[in-house]
Asks: 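The structure that follows is given in the form of structure tokens.
First listed ligand is number 1; within each ligand, the first listed atom is number 1. This one's a predicted model, so the numbers in the text were calculated from it and none came from an experiment.
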Amino acid sequence: MGGFKTIKVDKDIPGVCWITLNRPEKYNAWNYQMYDEIVPTLQSANADASCKMVVLTGNGKYFTSGNDQNNFTNPSSADRFASFRDLIDLLIDMAKPMIALVNGPAVGMGVTMLPHFDLVIASDTATFYTPFTRLALCAEACSSYLFPKIMGYSRAAEMLMFNKKATVQEMLDWGLVSRIIPSDGFQANTRAIVKEFSQLNNDALAAGRQLIRSQSIRDHLHKVNRHEDQVLQELFAKPAALEAAMQFINRKAKL
Ligand code: COA
């Protein structure tokens with residue numbers, strides 16, 4: 001595996017598949033190529049007996065600015081959410097423990113995917129922003145179910161419906177983030193943490209993830225993913241969502 005254009009995959013810590021989102025000039029927005037590179041990387045981490053855990057982080061200032069807006073305005077297939085939906089199905093079913101290292105601001109799916117990780121460690125420069133209704137869109141990645149469970153209905157609604165940009169301290173207090181690490185030294189310090197975790201017993205770690213995310217929970221999450229996808233498709237069939245995406249593409253609006 002190799003030759004990636006949108007991600008970097010490092011395996012120098014034994015047992016760790018370390019994935020770095022690597023489009024810093026686009027704040028690590030998820031274009032189709034990024035999906036096409038990450039999905040097989042995650043699948044092979046699952047199949048690799050020597051892989052104990054997966055790490056996801058971002059290169060540069062941002063963790064990720066979310067879905068690349070070009071995915072919506074210029075879809076590669078009629079089903080413009082297929083790559084996203086499939087990625088979330090895979091995250092739900094990941095066998096290996098996953099750690100997110102949120103190195104900076106996270107937007108959209110960069111926030112909503114986090115509950116699928118077992119540990120979320122964030123830099124003190126991170127912010128968490130899900131401006132879905134500003135884009136005439138709705139909750140995704142099972143956040144409509146998982147956010148209320150993690151942080152309560154009102155806080156979830158403030159984020160998912162009323163576009164609150166949350167601070168890292170709020171996310172720690174509300175339960176989405178488990179630890180804050182200063183941005184100064186973030187890389188070296190998170191690497192040391194991961195290295196320490198990589199010493200843990202492989203089978204016991206995987207068993208822990210499977211117990212916390214039991215089959216019945218995962219079955220339910222797949223249903224939620226389908227339902228959110230259906231609502232997203234319905235919203236995108238109306239003009240407002242395409243107009244909002246075009247506003248960004250044409251540099252008429254930022255979020
Ligand atoms: N899709 C595509 N390109 C994106 C992007 C996204 N989601 N987010 C950032 N970029 C690109 C910008 O187009 C710009 O590229 P360019 O220099 O080639 O024009 C570069 O990343 C830097 O972004 P810019 O907007 O210049 O930085 P900023 O600091 O002024 O604003 C944001 C940062 C995140 C507020 C702004 O980029 C934004 O609103 N992005 C859209 C986020 C979004 O819609 N996410 C998806 C769903 S919620």
Side-chain angles (χ1 to χ4, degrees), residues 5-8 20-38 56-76 79-88 91 100 102-116 122-144 146-147 156-168 171 176 183 225 228-229 231-255:
K5 291 214 159 63
T6 66
I7 61 172
K8 231 158 50 81
T20 306
L21 306 175
N22 197 22
R23 296 182 77 207
E25 71 291 351
K26 298 288 180 188
Y27 289 170
N28 299 323
W30 283 68
N31 62 2
Y32 287 124
Q33 190 170 7
M34 191 177 274
Y35 286 100
D36 290 347
E37 293 181 353
I38 285 195
L56 184 71
T57 191
N59 181 13
K61 181 177 168 191
Y62 268 61
F63 175 55
T64 167
S65 58
N67 257 301
D68 190 308
Q69 284 286 6
N70 294 291
N71 297 354
F72 301 136
T73 53
N74 186 18
S76 70
D79 183 352
R80 61 183 94 218
F81 297 108
S83 303
F84 178 74
R85 190 179 59 237
D86 294 349
L87 172 79
I88 301 307
L91 293 182
V102 184
N103 53 296
V107 183
M109 65 182 283
V111 184
T112 56
M113 66 162 58
L114 294 176
H116 299 289
S123 152
D124 54 10
T125 59
T127 53
F128 300 79
Y129 187 34
T130 49
F132 299 129
T133 54
R134 292 191 67 182
L135 292 166
L137 294 173
C138 65
E140 32 139 82
C142 302
S143 57
S144 62
L146 290 170
F147 274 30
E158 198 172 357
M159 290 195 71
L160 297 171
M161 293 162 59
F162 299 106
N163 309 303
K164 176 186 170 65
K165 188 188 278 186
T167 64
V168 69
M171 291 294 86
L176 193 72
S183 57
N225 190 25
E228 288 174 345
D229 175 68
V231 179
L232 272 172
Q233 309 262 10
E234 284 165 14
L235 287 171
F236 223 96
K238 299 178 181 176
L242 189 57
E243 273 167 25
M246 288 309 297
Q247 288 266 323
F248 174 74
I249 298 287
N250 296 328
R251 296 289 178 272
K252 291 194 180 124
K254 287 195 184 186
L255 291 171

Asks: To the nearest 0.5 angstrom, please state how far the CG atom of Asn71 sits from the CE atom of Met34.
Replies: 10.0 Å
Asks: Which pairs of nitrogen or oxygen atoms, taken one from ligand 1 and one from the protein, are under 3.5 angstrom apart?
Replies:
| from | atom 1 | to | atom 2 | distance (Å) |
| --- | --- | --- | --- | --- |
| ligand 1 | 1 (N) | Gln69 | N | 2.9 |
| ligand 1 | 7 (N) | Ser65 | O | 3.4 |
| ligand 1 | 7 (N) | Asn67 | O | 3.0 |
| ligand 1 | 8 (N) | Ser65 | OG | 3.0 |
| ligand 1 | 13 (O) | Arg251 | NH2 | 2.7 |
| ligand 1 | 15 (O) | Lys26 | NZ | 3.4 |
| ligand 1 | 18 (O) | Lys26 | NZ | 2.5 |
| ligand 1 | 19 (O) | Arg251 | NH2 | 2.4 |
| ligand 1 | 25 (O) | Lys254 | NZ | 3.0 |
| ligand 1 | 26 (O) | Lys254 | NZ | 3.3 |
| ligand 1 | 29 (O) | Tyr27 | OH | 3.3 |
| ligand 1 | 30 (O) | Lys254 | NZ | 2.7 |
| ligand 1 | 39 (O) | Leu255 | N | 3.0 |
| ligand 1 | 44 (O) | Gln69 | NE2 | 2.6 |
| ligand 1 | 45 (N) | Ser65 | O | 2.9 |

Asks: According to ring-ring contact (aromatic ring centres under 6.0 Å, His included), who are the partners of Tyr35, at least two apart in sequence or on a separate chain?
Replies: Trp30
Asks: Using the side-chain hydrogen bond (donor to acceptor under 3.5 Å, both in side chains) criterion, which residues pair with Tyr129? Sequence neighbours excluded.
Replies: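 For Tyr129 the side-chain hydrogen bond (donor to acceptor under 3.5 Å, both in side chains) partners, ignoring immediate neighbours, are Arg134.
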Asks: For Phe128, give me all partners under ring-ring contact (aromatic ring centres under 6.0 Å, His included), at least two apart in sequence or on another chain.
Replies: none
Asks: Taking Glu140 for its side chain and Thr112 for its backbone only, find out whether a donor-acceptor pair lies under 3.5 Å.
Replies: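 Such a contact is absent between Glu140 side chain and Thr112 backbone.
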Asks: With a 4.5 Å cut-off on side-chain heavy atoms, are Tyr32 and Asn70 touching?
Replies: no
